[in-house]
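In what follows, a single structure is set out as structure tokens and then discussed.
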Amino acid sequence: MRTDIDSFWIFALASKCRAFTQENIAWSLLIIGLAWIVVTLIYWAYPGGPAWGKYKLKNTSLTISNPIPGPRGFPITGSMKLMTSLAHHKIAAAADACKARRLMAFSLGDTRVIVTCNPDVAKEILNSSVFADRPVKESAYSLMFNRAIGFAPYGVYWRTLRKIASTHLFCPKQIKAAESQRLQIASQMVSTFNDREKSSFSVREVLKRASLNNMMCSVFGREYKLDSFNNEVEELRALVEEGYDLLGTLNWSDHLPWLADFDPQKIRFRCSNLVPKVNRFVSRIIAEHRALTRSENPDFVDVLLSLQGHDKLSDSDMIAVLWEMIFRGTDTVAVLIEWILARMVLHPDVQSKVHDELYKVVGRSRAVAESDITAMVYLQAVVKEVLRLHPPGPLLSWARLAITDTTIDGYHVPKGTTAMVNMWAISRDPEFWEDPLEFMPERFVVTKEDVLEFSVLGSDLRLAPFGSGRRTCPGKTLGITTVTFWVASLLHEYEWVPGEENNVDLSEVLRLSCEMANPLTVKVRPRRSSQSPLY
Ligand code: HEM
């Protein structure tokens, strides 16, 4: 009330004062507007665009050597356009145009970003403790991912989760324990495809369902048949789909904070609708586990419930961790298998070499077992070659965040900068790969005794589709085991040929993972005359 009276007197006085004429107010606004435009243009003129210019101008006392080269983009928004559809292609093209493949700077609104298309610089970034944090998007916060491994800030809580993951969830014993479940799902996939033998069909639906069922079993201990409809699976599928969409969307409010109140893309609104549903779903499963006595084969919920002392998690943290596992483990695996099958259809000569290897290692009389995979050198090379040309996370899925000021490739990188690695560009670079666009699994087959096997698990940054360093993918062994075994089973049972339309379209679409833009359509021909069940 008092404030209203004060403002009344101020306006009354101002109206009497000659300085506050309409003309003067208009001039003042014009000058302020012009000053704002000038400052905006000065920010924008700096290499890398407005966010980098703002940093430079606010830190004039810092003697920052030469700036990191990069596109300016637009004033205020910077290079948002780089992050819309197929960001990995656009970023690589921009890096070429700016001659900045080693390190390029750009702005996403107020966010300073660096990106590299070079393996040495990628190693410097990913293996540095300075970049052990992640920039957290609003959607990730809203969807509780800041309490799960992927987006938890670097610190004690994140370290505890990583320790739990490596000692309990992804340890060799736990992966081995889920072998029979993978075998059963492989068998169900084979039967499903057998029913579709006569005509061409899309494989995506079956792969996504198989992958979701696999994660439902590992995480929640739920076993579902691939060909039967189940409300619980459908419910979870819808929740996961909505989550993918939200996390995969570039949220303008993350980079232009003044937009946040308006929620222009309705991301906050959709997240707030989704979270209670996820909470209800996962809480119900946790409650059921609490009510039961421990099973012999513990699932992830059992493992988390059994933790004691410092490692014990609250229910809400458990929900976040379990939800993330379903989320991360489902689409990466399905997306990668679809790319592998597409390449098999496109390169029948390579497919027949895998068939030969299957014949030698497994024979025709029995199904593939996981223990056969170690002897299948050529199949493993095929998986690596597909990871090289079609990494599910071409920009390594989630970026890193600089915790302190640091130096990368001789350039000053300030605290709070987001760092990305364009793995897609690195693994197609002719400087590091011979005939990089050719599909040649042979490049990964060790021929001479003195040549070391190429590991894709993060030690060689020319191909590190699971990332590297402290925040490398904890599910990589599980992921690669599942993919290789399922592909071996599918190729052992069938020959994969083009569908009626006779075309395999390798165009990509980048959501949370990089998928085939047009789902693969195929026909199958059984290879083993008597279709003996696998299980
Ligand atoms: C083909 C399969 C997979 C691929 C290509 C893949 C790829 C990746 C990549 C590139 C990262 C970021 C690494 C970095 O920043 O250095 C990541 C992180 C992560 N992945 Fe995977 N992943 C796969 C399977 C899985 C599976 C099966 C799970 C779990 C069930 C999983 C759970 C995670 C988690 C929790 C993180 C976050 C780690 C952290 O921030 O500490 N991933 N993954």
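Counting convention: from 1, in listed order, for ligands and their atoms alike. Starting from 1, each residue takes its place in the sequence as its number. When reading the values below, keep in mind they use all heavy atoms of this one structure, side chains included, and skip hydrogens, waters and symmetry mates. All figures in this text were calculated on a predicted structure; none of them were measured in a lab.
Residues Glu138 and Asp254 are in side-chain contact: their nearest non-hydrogen atoms beyond the backbone lie under 4.5 Å apart. The closest side-chain heavy-atom distance from Met344 to Val487 is not below 4.5 Å.
Looking at Glu324 next to ligand 1, no N or O pair under 3.5 Å apart turns up.
Looking at Arg101 and Asp96, a side-chain N of the basic residue comes within less than 4.0 Å of a carboxylate O on the acidic one, giving a salt bridge. Using a 4.0 Å cut-off between charged nitrogen and carboxylate oxygen, Lys277 and Glu242 do not count as a salt-bridge pair. In summary, Glu205 and Arg237 engage in a salt bridge, as defined by a charged side-chain N under 4.0 Å from a carboxylate O. For the pair Glu442 and Lys353, the salt-bridge criterion is met [side-chain N within less than 4.0 Å of a carboxylate O].
Near Phe170, the atoms of ligand 1 lying under 4.0 angstrom from a non-hydrogen atom of the residue are 29 (C), 30 (C). When each atom of ligand 1 is checked for a heavy atom of Arg162 under 4.0 Å away, the hits are 38 (C), 39 (C), 41 (O). Below 4.0 Å from some heavy atom of Met325 lie the following atoms of ligand 1, by number and element: 29 (C), 30 (C). Heavy-atom contacts of Met215 reach the following atoms of ligand 1: 30 (C) (cutoff under 4.0 Å). Against a heavy-atom cut-off of under 4.0 Å, Trp158 is close to the following atoms of ligand 1: 39 (C), 41 (O). For ligand 1, the atoms sitting less than 4.0 Å from at least one non-hydrogen atom of Leu396 are 10 (C), 12 (C), numbered in the order shown with element in parentheses. Interface of Arg400 with ligand 1, defined as ligand atoms under 4.0 Å from a residue heavy atom, comprises 14 (C), 15 (O), 16 (O). Listed by atom number, the atoms of ligand 1 under 4.0 Å from Ser468 heavy atoms are 16 (O).
No donor-acceptor pair under 3.5 Å is formed between the side chain of Arg470 and the backbone N or O of Ser128. Formation of a donor-acceptor pair under 3.5 Å by the Asp133 side chain with backbone atoms of Pro153 is not found in this model. When atom types are taken as modelled, the side chain of Tyr244 and the backbone of Phe327 share a donor-acceptor pair closer than 3.5 angstrom. In this structure, the side chain of Trp252 does not engage the main chain of Gly109 through any donor-acceptor pair within 3.5 Å.
Counting heavy atoms under 4.0 Å from ligand 1, residue Ser218 does not touch it at all. Contact annotation: for Ile149 versus ligand 1, heavy atoms closer than 4.0 Å belong to both the backbone and the side chain.
Summary of contacts: the protein heavy atom closest to atom 14 (C) of ligand 1 is Arg471 O, 3.2 Å. Summary of contacts: the protein heavy atom closest to atom 37 (C) of ligand 1 is Gly150 CA, 3.5 Å.
Taking a 4.0 Å cut-off on heavy atoms, Phe151 fails to register as neighbouring ligand 1. The closest approach between Arg470 and ligand 1 stays at or above 4.0 Å for every heavy atom of the residue. For Val483, the closest heavy-atom approach to ligand 1 does not fall below 4.0 Å.
Shown here are the salt bridge (Lys or Arg N to Asp or Glu O under 4.0 Å) partners of Glu124, two or more places apart in sequence or in another chain: there are none. With sequence neighbours left out, the salt bridge (Lys or Arg N to Asp or Glu O under 4.0 Å) criterion links Glu179 to Lys176. Lys163 is linked by a side-chain hydrogen bond (donor to acceptor under 3.5 Å, both in side chains) to Asp311, counting only residues two or more places apart in sequence or in another chain.
Inside a sphere of radius 2.8 Å centred on atom 21 (Fe) of ligand 1, the protein N/O/S atoms present are Cys473 SG.
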Next item on the list: Please step through ring pair (Phe, Tyr, Trp, His ring centres under 6.0 Å) for the pair Phe444 and Trp433, ending with a clear verdict.
Entry: CA-CA 11 Å; Phe444 291 110; Trp433 299 95; 5.8 Å; yes

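Scanning Ala148, Pro392, Pro465 for the heavy atom closest to atom 7 (C) of ligand 1 points to Pro465.
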